[in-house]
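First the structure, in the form of structure tokens, and then the observations on it.
In what follows, chains are A, B, ... by sequence order, proteins preceding strands, each numbered from 1.
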Amino acid sequence: MKELRGKIADITKRRGIYWGAYEIYGGVSGFYDYGPVGALLKKNLLDIWLEEFVYSDGLLFIDAPAIGPDSVYRASGHVDKFTDYMVRCTSCGHAFRVDELIKDFVDNPDLLTPREIEKIIEENDIRCPDCNGKFGKVEEFHLMFSTTIGLDKRGFLRPETAQGIFINFPTLYRINREKLPMGVAQIGKAYRNEISPRQGVLRQREFNMAEIELFVDPEEKFNEELIEDIELPLLTKDGVELKINAKEAYKSGLANGYIIYYMQKILSFLKNIGINVSKIRFRQHHREELAHYSKDTWDCEILISNGWTEVIGIAYRGDYDLKRHMESSGADMRAFRKFEKERKIRINKIVPRMEILGPRYKAAAMKIARAMEDMEFEENTVHGTLKIEVDGHVYDVPEEAYEVINVEKKVSGERFLPHVIEPSFGIDRLIYSIIEHTYYERQDTGYKVLRFPPRLAPIKVGILPLMAKDSLDSIAREIMKEMRAAGINGYYDESGSIGRRYARADEIGVPFCITVDYQTKEDNTVTIRERDSTKQKRINKDELKDTLKKLVAEEISFEEL
RNA sequence: GCAGGCGUAGUGUAGUCUGGCAGCACAAGGGCCUUCCAAGCCCUUAGCCCGGGUUCAAAUCCCGGCGCCUGCACCA
């Protein structure tokens, strides 16, 4: 399997799919450049993602900033939970993770403050394991990249794109005309300062994500019609591997209905982009490995040469994020749920008469009025002069300064925090998986091919003259111009033998090649060669543009020609 | 971060032990040839990870750094 990784590393670099970034300066691990082929591959992949997850379900698509203020990531829990503490030896300078050093002295290192940690180190005289030197002050090691906003405001590069959606929930909810379920999608880069990222593009410090936050009313009954009659490959938290029908999985309560819904969509999506369906499974997280925000998570794992690899996560985040942002920002992050039937409630309320309170209490009037409004009492128990305490003063409010109302009020609904189901796609891992799963070598020759589906293929067509002479070349160039004018990404190649040129195209997954040969000059036909079958069909040059468009959009298949 | 291994044209490698002209294959570019799947021939481009030291002389020996790989740790 290691051999496969080597071959893929070769092809990705040589043919311009991706490579390690900042190469001329020695490289920085965890950063990659997508080259001309890879950048288009990613773009096409995201287009398909938009079609299959966003347009098809009418989701809202947004684009929020990558840098956020301290307050946002404090509220989200990342500042606390995405941090490790470390100490540096004052004599040799080596750094150590605190929890490793003190784990023999305390039960739960994660709960301590930096001060407490310093105290424990001093009391137990913990020394540097390397040189026995003394330790300095406790420092934070953030998995988040921190930066400065303006002169001195602390900011972070987002470790996930999700917060940009949660923060905007009230606005988006209004734009969606206050309807749930509401799905919001975002594509963008996220940043994590991994200590030692390896495994190539599978673990990067700057990576591409496509995320959906589906906001639902936890009390609303799930629409069972969303569940299809298909088989899901699951691995539950108890280690049970099973293939189970989606309907059955839903009925048995194995996972939230929307999680199952997304499992179905993900299966079909992965199939469409060239992933081998027999190498997909959904693995449920154990309690201990759940992220700080999640109640239940299912990873979509794909089997590649590294083993089963998490590529997509479907997390049930509950109301964690909205709640935290509501508490810390004070904004109302709730949605409104209409009761089936209007409810009637009795209201016993004091209505202050401001025209009397105002002149009488001046500046304190508003506060007194609020306090009166907030009073709770039984019907017919309030009359006469009221003693109202505000800021330590007790005011006597006479009867004529208020009115008591006892009314029956209609209540049509209530406010609540929606729950969130979050499918989160690791785009770079997906791209790597696609490359591994679409890679094959021809049986007879061993030549390398990437079997990209036409819709995904970065380059759709190669246009080749059989010979670069006898005006075959000029006809081919003419065709290339036509293709480009029609918005089909193609290239012209006359170098080397025809077989060599086909092989070149195969390596970057070009699905179709047009060859201009001598017969073209006689009857105005060219051949279309399909990558995987290497079969050719003759087609009139004038139909080329329309035919190719359909082939590339996968509206027709090559066999149907 | 720790331990071990490694770092030579775009890619894969030889040369390193034992210091003395940096070589091969593939790829790429140009040309000849060629009537459908990497044919052949000629030419060309292109490299010792970075810095310091030892030496008449360093890809080779020493030191430091950076990067990569494997394992541990970390990470979803």
*Quick one: on RNA chain B, does S495(A) or I498(A) contact a more 5' nucleotide (nearest heavy atom)?*
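Its nucleotide being nearer the 5' end, the pick is S495(A).
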Counting only Watson-Crick pairs (N1-N3 plus N6-O4 or O6-N4) and G-U wobbles (N1-O2, O6-N3), all under 3.5 Å, who is the partner of [N]?
{"N": "A73(B)", "result": "none"}
{"N": "A46(B)", "result": "none"}
{"N": "U34(B)", "result": "none"}
{"N": "G67(B)", "result": "C6(B)"}
{"N": "A59(B)", "result": "none"}
{"N": "G19(B)", "result": "none"}

*Could you give the distance separating A59(B) and U18(B) at their C1' atoms, to the nearest angstrom?*
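About 15 Å, rounded to a whole number of Å.
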*If we take the P atom in both C75(B) and A28(B), what is their distance in whole Å?*
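45 Å, rounded to whole Å.
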*Using 30° and 60° as the class limits, which term best fits the ring planes of Y262(A) and F53(A): parallel, tilted or perpendicular?*
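Parallel, since the angle between the ring planes stays under 30°.
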State which of [options] makes the closest approach to the side chain of [X].
{"X": "K13(A)", "options": "A76(B), U11(B), A28(B)", "answer": "U11(B)"}
{"X": "E310(A)", "options": "A76(B), U11(B), A28(B)", "answer": "A76(B)"}
{"X": "R283(A)", "options": "A38(B), C37(B), A76(B)", "answer": "A76(B)"}
{"X": "R529(A)", "options": "C37(B), C68(B), A28(B)", "answer": "C37(B)"}
{"X": "R192(A)", "options": "U11(B), U34(B), A76(B)", "answer": "A76(B)"}

*Classify the side chain of R203(A) and the base of C74(B) as holding, or not holding, a donor-acceptor pair under 3.5 Å.*
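A donor-acceptor contact between them is present.
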*Spell out yes or no: do the side chain of Y447(A) and the base of C37(B) have one donor N/O and one acceptor N/O closer than 3.5 Å?*
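Result: no qualifying N/O pair found.
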_Pair Q284(A)-L234(A), side chain to side chain contact (heavy atoms under 4.5 Å, CB included): steps then yes or no_ = CA-CA 8 Å; Q284(A) 187 176 27; L234(A) 305 182; over 6 Å; no
*Residues in side chain to side chain contact (heavy atoms under 4.5 Å, CB included) with P465(A), at least two apart?*
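P465(A) satisfies side chain to side chain contact (heavy atoms under 4.5 Å, CB included) with L472(A), D473(A), A476(A), Y492(A), E494(A), R501(A) once adjacent residues are dropped.
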*Under 4.0 angstrom, heavy atoms only, what part of the nucleic acid is S497(A) near: base, sugar-phosphate, or nothing?*
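Sugar-phosphate only.
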*When all nucleic acid strands are considered with a 4.0 Å heavy-atom cut-off, which category describes G313(A): base, sugar-phosphate, or nothing?*
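The residue G313(A) makes no contact with any strand.
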